[in-house]
Amino acid sequence: MIPALEAVIKYGGQLGVKEIVYGMAHRGRLNVLAHVMAKPYKVIFHEFSGGSASPDDVGGSGDVKYHLGTSTDRDFDGIKVHMSLMPNPSHLETVDPVVLGKVRAYQQFHDDIGVGKHKQVLPVLIHGDAAFAGQGIVWECFGFSGVRGYNTGGCIHFIINNQIGFTTSPQFSRGSPYPSDVAKGVQAPILHINGDDPEAVTFACKLAIDYRQQFGRDIVVDMWCYRRFGHNEGDEPSFTQPLMYARIRQHPPVSQVYAARLKAEGVIDDAFLPETESAFVSQLEEQFDAAKDYKANEADWFGGRWSGFNKPMDPETARRNVPTGIEQKLFDSLGRSLTTVPDDLQIHKTLGRVLDAKRAMFASGDGFDWATGEALAFGALLSEGYAVRLSGQDSGRGTFSQRHAVWVDQTDEHKYVPLMTVPHGRFEVHDSTLSEYGVLGFEYGYASADPKTLVLWEAQFGDFANGAQIVIDQYIASSESKWLRANGLVMLLPHGYEGQGPEHSSARLERYLQLCAQDNMQVCNITTPANYFHVLRRQMHRPFRKPLIIMTPKSLLRHPLAKSSANEFIGDGHFMRILSDMTPVADKDIRRVVLCSGKVAYDLFEARDAAEITDTQVIRLEQLYPFPGEPLAVRLARMTNLEDVVWCQEEPKNNGAWFFVEPEIEEALAAAGCKVARPRYAGRAASASPATGLAKRHQSEQAALVADALGLSVRSEIRRRLQA
């Protein structure tokens, strides 16, 4: 494989390739790091002796050696090619979409996207045979081939076909003759070659890069070979494949097979091989000794496009707000862009009514809804030279027909995207393939390459992100700690209990909060369009990048109370981590505080005001992590007669934010000097399912938790809600 990859670099460079991004699993990874990526042997030895791959002051948990990546430049015949090997976890094939997303971003940098392009940046994915056939993410990535917004102009797939996956023989690990058969779904050429013939393998890879550069489609090289040892070097493969390994023990290694061939052809003599081996062992001994004194002196977090960004582990900058309001002139200009219909576009009559409502918002300065606040955030960033990339299922229209980022002519279906008319930046919105795992990995890879693009992935419903949990666990939550890789990806997850059943209610907020530590990411549950506007702009205006998880609303998209006024977008405004009550009460008169997050706040407002309760305040935590303990303590300290503190949530007790916020609220109460020591819980009982699918049961449960939080009669609150 090593000389074959060298051929890809050499001939790819001659055919216009400037950058190569590799993704691969563990088998052979150290070999690729050393001999393709030119990582010094002394560094590898240093890491295996327990040393860090990064300077001592960088921090992070680190990771095992065969998960690490690196980057380098290689020069063949005067042509330089930059290469990067992506770090990856043990989850098989997870790195594939990350590589493709990163390649797509690099192609954007090189203006290498479009018909006849995609020539300058090449993805190369190295697979195991069983994983290639068995992991569904492989097909999700093939599904990107040729799809607008995700196409990378073809990927070279190299399968190391050991004929055994982990300890399982092929007939038990797949139902097809070849592991590469999945590639037939996109009509990718498949080259089957003998791993004992290095020249044939190298020729196949030369052919592969030639094909990819010519036709811009995926191609697969399936190298049939074997592994001399078991699943790992301490394994005994004869436990499960005794006949095969009896044959392997009799079979000379490829170095001997090829040396015999070269001697027969007169290329080398008898002395060449032992002399070469001896010289190489001596070199390794020298490097091994040098490893004892080796110290990493540079961490490559912030080179290239990341130049100018801060170390993201700094807790001071991680919690600091930045001004994100815009000027009146820009606000008015964006209003015109978002409401002007071109003469040659015949829009849907319902969209016409939506645009009439938007014009009324800008004319009056009131009633700005969620979708308009979002569009203003996108447009303002574009005007400042940032790019915005939004993808997901239904992202153009919006799952709930709220966004309308793309206007479709009703006569010939040509499209118009208002935000594309905003100067300076680049806006793209893509209705993705019906994939969560693959698309989220792709967008993560894109965001890892480009900190100057606001990259957003939107789930059709929040808990559909379940299908991408591996990307969330292994990359979004932990790659900064494991691999020193910052990322500013935004996840938009529709969340809120409207009686629509378990799959359409909960985005599984608790799972994200459980992953939070060491300022690794941000989790928000926002209730106003203006605050949503500011958090999106904050994501780009701070000098660092962190993943941002937003529980986006459904019913609040059009809720009459979930509106913002023009002055909340204009001037010196910024994102508010906590929001006070919509009905202010003198601090000395407050007896009860109900803390909550998200849509339930409006249920509490309506029920409290209907019951004419005057001593209760509802405070919304718009950001749950990093937890806003200091501003919350300051707010609570002013309530000198406080008797009851409640945490109210819609989710079951074992879901939602309760178990995460309880100790944080206790700390805030102590810091505020309150008489109340602990919050009490008001919400649904613990449940195996995140929500009921029965409308009346939902109403009853919702009324009960609201009544409990406010100290109302449950029966009267149920009656009120059912009448409403």
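Since we're looking at a predicted model, the values are computed, not measured. When reading the values below, keep in mind they use all heavy atoms of this one structure, side chains included, and skip hydrogens, waters and symmetry mates.
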Between [atom1] on residue [X] and [atom2] on residue [Y], distance to nearest 0.5 Å:
X	Y	atom1	atom2	value
Cys648	Leu595	SG	CG	10.0 Å
Leu382	Leu419	CG	CG	6.0 Å
Leu125	Glu93	CG	CD	7.5 Å
Ile137	Ser435	CD1	OG	6.0 Å
Asn655	Leu509	CG	CG	9.5 Å
His127	Met24	NE2	CE	10.5 Å

Checklist entry - Tell me, do Leu561 and Met582 make a side-chain contact under 4.5 Å, heavy atoms counted? => result yes

Hey, are [Y] and [X] close enough side-chain-wise for a donor-acceptor pair under 3.5 Å?
X	Y	answer
Gln393	Ser432	no
Thr324	His534	yes
Glu19	His110	yes
Thr94	Gln474	no

Checklist entry - Checking Thr453 side chain against Val455 main chain: does a donor-acceptor pair fall under 3.5 Å? => result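 Absent.
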
Next on the checklist: Has Asp581 got a side-chain atom pairing as donor or acceptor with Val618's backbone, closer than 3.5 angstrom?
Outcome noted: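 Yes, because the side chain of Asp581 sits within donor-acceptor range (under 3.5 Å) of the backbone of Val618.
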
Basic-acidic side-chain contact under 4.0 Å: [X], [Y]:
X	Y	result
Glu384	Arg537	yes
Glu480	Arg545	no
Arg684	Glu651	no

Checklist entry - Can you list the residues that meet the ring-ring contact (aromatic ring centres under 6.0 Å, His included) rule with Tyr444, with sequence neighbours excluded? => result Tyr475

Next on the checklist: Does Asp450 form a salt bridge (charged side-chain N to carboxylate O under 4.0 Å, His left out) with Arg305? I'd like the steps, not just the answer.
Outcome noted: CA-CA 6 Å; Asp450 187 3; Arg305 291 279 293 184; 2.7 Å; yes

Next on the checklist: The test is side-chain contact (heavy atoms from CB on, under 4.5 Å); show your working for Leu440 and Ile476 and say whether it passes.
Outcome noted: CA-CA 10 Å; Leu440 183 59; Ile476 292 172; 4.1 Å; yes

Checklist entry - Given the rule in the side chain to side chain donor-acceptor pair (under 3.5 Å) test, do Arg538 and Gln522 qualify, once you have shown the distances and angles that lead to the verdict? => result CA-CA 12 Å; Arg538 183 184 77 165; Gln522 308 148 102; 3.1 Å; yes

Determine the minimum heavy-atom distance between [X] and [Y], stating which atoms define it.
X	Y	result
Leu68	Arg29	O-NH2, 2.9 Å
Ala507	Pro494	CB-O, 3.9 Å
Pro97	Phe144	CB-CE1, 4.5 Å
Ser505	Gly501	OG-O, 2.7 Å
Asn654	Ala686	OD1-CA, 3.3 Å
Gln539	Leu489	NE2-O, 4.2 Å

Item to check | Check against side-chain contact (heavy atoms from CB on, under 4.5 Å), Tyr625 and Phe660 | outcome: CA-CA 10 Å; Tyr625 188 81; Phe660 178 82; 3.6 Å; yes

Next on the checklist: Let's go through Met83 and Tyr22 carefully: what are the C-alpha distance in whole Å and the side-chain angles of both, what is the deciding distance for side-chain contact (heavy atoms from CB on, under 4.5 Å) to 0.1 Å, and is it a yes or a no?
Outcome noted: CA-CA 8 Å; Met83 304 187 302; Tyr22 298 94; 3.3 Å; yes

Next on the checklist: Is there a salt bridge (charged side-chain N to carboxylate O under 4.0 Å, His left out) between Lys653 and Glu510? Walk through the geometry before answering.
Outcome noted: CA-CA 10 Å; Lys653 190 173 186 179; Glu510 63 280 356; over 6 Å; no

Checklist entry - Centroid-to-centroid, Tyr681 to Trp647, below 6.0 Å? => result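 No.
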
Item to check | Candidate pair Phe442 and Val98, rule side-chain contact (heavy atoms from CB on, under 4.5 Å), full reasoning | outcome: CA-CA 5 Å; Phe442 188 100; Val98 180; over 6 Å; no

Checklist entry - Between Glu428 and His430, is a side chain to side chain donor-acceptor pair (under 3.5 Å) present by the stated rule, with each step listed? => result CA-CA 7 Å; Glu428 51 183 313; His430 302 291; 2.7 Å; yes

Next on the checklist: Under the criterion side chain to side chain donor-acceptor pair (under 3.5 Å), I'd like the reasoning laid out for Thr152 against Gln107: C-alpha separation, chi angles, the key distance, then a yes or no.
Outcome noted: CA-CA 8 Å; Thr152 57; Gln107 290 175 342; 5.2 Å; no

Item to check | Neighbour count above 12 (heavy atom, 6.0 Å) for Glu662 CD | outcome: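 Yes.
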
Item to check | Residue list, side-chain contact (heavy atoms from CB on, under 4.5 Å) with Glu622, at least two apart or on another chain | outcome: Ile526, Thr527, Asn531, Phe575, Leu579, Arg620

Next on the checklist: For Glu458, run the salt bridge (Lys or Arg N to Asp or Glu O under 4.0 Å) check against Arg397, Arg389, Arg403 and tell me which one passes.
Outcome noted: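 Among the candidates, only Arg403 passes.
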
For residues 547-558, which side-chain donor-acceptor pairs fall under 3.5 Å, sequence neighbours excluded?
| unit_1 | atom_1 | unit_2 | atom_2 | d |
| --- | --- | --- | --- | --- |
| Thr552 | OG1 | Leu493 | O | 3.4 |
| Lys554 | NZ | Gly496 | O | 2.6 |
| Lys554 | NZ | Glu498 | OE1 | 3.1 |
| Lys554 | NZ | His504 | O | 3.0 |
| Ser555 | OG | Glu498 | OE2 | 2.6 |
| Arg558 | NH1 | Phe400 | O | 3.2 |
| Arg558 | NH2 | Phe400 | O | 2.9 |
| Arg558 | NH2 | Ser401 | O | 2.9 |

Checklist entry - How far apart are the C-alpha atoms of Thr399 and Gln460, what are their side-chain angles, what is the distance that settles it, and do they pass the side chain to side chain donor-acceptor pair (under 3.5 Å) test? => result CA-CA 6 Å; Thr399 296; Gln460 193 173 50; 5.1 Å; no

Item to check | Residue among Phe378, Trp370, Phe569, Phe368 satisfying ring pair (Phe, Tyr, Trp, His ring centres under 6.0 Å) with Tyr532 | outcome: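 Between Tyr532 and the candidates, ring pair (Phe, Tyr, Trp, His ring centres under 6.0 Å) is satisfied uniquely by Trp370.
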
